[in-house]
Amino acid sequence: MMKPNFVQMSRSELKDYVRKHPNDWEALNILVSRRTPDSEATWYAPMVTAEGIPIEENVRLAEEAIQERIVVFHSPPTFESL
């Protein structure tokens, strides 16, 4: 059987393929290589202390960030973003 061209697959297609073929290391390596580099990732402070006590300010900031992502994700593209 001929393998698909992983490089030409969209990220979504590649994720689906890896879910169906978890032992295909080549596909997994290509998927992992496409992730956002840590230098571009958004890092958040811990939500709880070492004792498990919630840090309210950090929880609030994380909730705000999630809500912003939801709005951006569900908003139609604007002329400026094209």
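Not measured: the values here are computed from a predicted model. Heavy atoms only: backbone and side chains are in, while hydrogens, waters and symmetry mates are out.
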Taking Asn58 for its side chain and Pro46 for its backbone only, find out whether a donor-acceptor pair lies under 3.5 Å. yes
For Val18, the rest of its hydrophobic cluster, which grows through side-chain links under 4.5 angstrom: Phe6, Val7, Met9, Leu14, Tyr17, Trp25, Leu28, Ile30, Leu31, Val32
With sequence neighbours left out, write down each residue that passes side chain to side chain contact (heavy atoms under 4.5 Å, CB included) with Asp16, or none if nothing qualifies. Ser12, Arg19
May I ask you to decide if Ser10's main-chain N or O and Glu13's side chain share a donor-acceptor pair within less than 3.5 Å? yes
Would you give the length of the straight line joining atom CD of Glu26 to atom NE2 of His21, rounded to the nearest 0.5 angstrom? 12.5 Å
Would you give the length of the straight line joining atom NZ of Lys15 to atom CZ of Arg34, rounded to the nearest 0.5 angstrom? 11.5 Å
Closest heavy-atom contact between Lys3 and Asp24? NZ-OD1, 3.2 Å
Is Glu63 salt-bridged to Arg60, cutoff N-O under 4.0 Å? no
Transitive ILVMFWY cluster of Leu61 at side-chain heavy atoms under 4.5 Å: who else is in it? none
Please test Ile55 against Thr49 for side chain to side chain contact (heavy atoms under 4.5 Å, CB included), starting from the C-alpha separation and ending with a verdict. CA-CA 7 Å; Ile55 304 172; Thr49 65; 3.8 Å; yes
Can you tell me if CD on Gln8 sees more than 12 non-hydrogen neighbours from other groups inside 6.0 Å? no
